[in-house]
Amino acid sequence: MSRYYPRPDCSLSLARGKKLATTALSLTGTPEWLRGRTLLFASDFHLRPRMDPKPIASQMAACRADMILLGGDYADRKDQALRLFDALRPLRAPLGVYAVAGNNDVEAFGDLSALRAAVERFGGRLLVNEGVSIPLDGGTLRIAGVDEYRYGAPSFDGLFPEPDDYRILLSHYPILPKGEPPDLMLAGHTHGGQFNFLGLTPFAIGFERIGSQRGLAPAMVSGARRFGQTMLVVSKGIGASRIPLRIGVRAEIHRLTFC
């Protein structure tokens with residue numbers, strides 16, 4: 001059985017003295033042909049005018065990952081998202097850079113075509129209910145991305161056509177997929193609750209479980225946990241939405257190693 005073993009890593013200064021941690025996770029029990037590969041996952045940047053994206057990009061580059069996956073919500077405004085993407089332009093990964101849209105990206109860009117063009121300009125690829133197959137020596141890695149839930153139309157049909165592939169699902173929302181389960185699912189959106197008082201977050205009292213948002217309830221708020229065949233990793237993200245403040249929730253990116 002595959003398990004994650006977290007261990008804290010480095011950090012850097014963000015706006016107002018906040019810290020961004022690199023959470024290192026090891027995934028055991030993966031196919032032999034995938035072992036030793038690394039993956040960087042970052043989500044929910046929510047870049048604001050007073051935030052400098054260059055140190056964030058530098059820390060991401062220092063992870064030296066084989067692939068980079070981005071979980072959406074890059075900024076609440078288009079101009080700030082473009083500023084982030086410009087900082088991410090030097091990032092390189094041998095197996096590619098892939099991204100999905102978050103609900104705030106739809107609000108910022110107006111439509112996915114504009115977001116797709118912006119992602120392509122910094123060297124990434126936006127995945128919307130689609131996937132890409134990466135042949136490796138001994139097997140195939142399949143990375144798929146699903147549309148966001150609030151404004152989009154998420155569909156899992158055909159995302160994982162080959163059962164022998166190692167399947168990674170990238171989703172902004174930590175909502176378990178219907179149909180063929182991935183081996184690994186990466187999500188964000190929750191910001192780890194953004195406020196955490198003695199283990200209690202807004203999600204513990206029903207946030208996104210009431211009214212029109214009922215269908216958006218996350219499978220979990222942060223961390224790594226197995227759901228059947230799928231290992232779900234939910235990032236606490238980097239920035240903050242609505243109220244530009246985090247309490248008791250440290251910003252993070254993830255570096256995963258397949259073992």
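- A 4.5 Å side-chain heavy-atom check between C63 and T22 finds at least one atom pair inside the cut-off.
- Partner L184 forms a side chain to side chain contact (heavy atoms under 4.5 Å, CB included) with one of T230, L232, L170, I168 and no other, that one being I168.
- Heavy atoms only, all atoms of each residue included: I238 and I253 are closest at CD1-CG2, 3.8 Å.
- Here CG of L141 is found 5.0 Å from CE of M67. Values are rounded to the nearest 0.5 Å.
- From E148, atom CD reaches atom CD1 of I175 across 10.0 Å, with rounding to the nearest 0.5 Å.
- Salt-bridge formation is detected for the pair R77/D79: a Lys NZ or Arg NE/NH1/NH2 atom is positioned less than 4.0 Å from an Asp or Glu carboxylate oxygen.
- Judged as a side-chain hydrogen bond (donor to acceptor under 3.5 Å, both in side chains), the pairs with a partner in residues 133-147 (not counting sequence neighbours) are, in order, S133-R142.
- The heavy-atom pair separating S43 from H172 by the smallest distance is OG-ND1, 4.4 Å.
- Between atom CD of residue E130 and atom OG of residue S155 there is a gap of 11.5 Å, rounded to the nearest 0.5 Å.
- Without hydrogens or angle criteria, D73 side chain to N103 main chain gives a donor-acceptor distance under 3.5 Å.
- Looking at D86 and R83, no side-chain N of the basic residue comes within less than 4.0 Å of a carboxylate O on the acidic one, giving no salt bridge.
- Atoms CZ and OG, from R225 and S222 in turn, are 12.0 Å apart once rounded to the nearest 0.5 Å.
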Quiz prompt | Verdict with supporting geometry, H189 and D44, side-chain hydrogen bond (donor to acceptor under 3.5 Å, both in side chains) | solution = CA-CA 6 Å; H189 179 66; D44 297 273; 5.1 Å; no

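- The shortest distance between side-chain heavy atoms of D183 and T30 does not fall below 4.5 Å.
- Legend: ring-ring contact (aromatic ring centres under 6.0 Å, His included) pairs involving residues 88-146, not counting sequence neighbours, sorted by first then second residue: F85-F122.
- For residues 193-202, no pair satisfies salt bridge (charged side-chain N to carboxylate O under 4.0 Å, His left out), with sequence neighbours left out.
- If you take CG on L186 and CG on L169, they are separated by 8.0 Å, rounding to the nearest 0.5 Å.
- A donor-acceptor distance shorter than 3.5 angstrom exists from the side chain of D52 to the backbone of K54, with no hydrogens or angles considered.
- Taking all atoms of both residues into account, the shortest heavy-atom contact from L127 to A144 is CD1-C, 4.1 Å.
- Note that CG of L159 and CD of E180 are 10.5 Å apart. Values are rounded to the nearest 0.5 Å.
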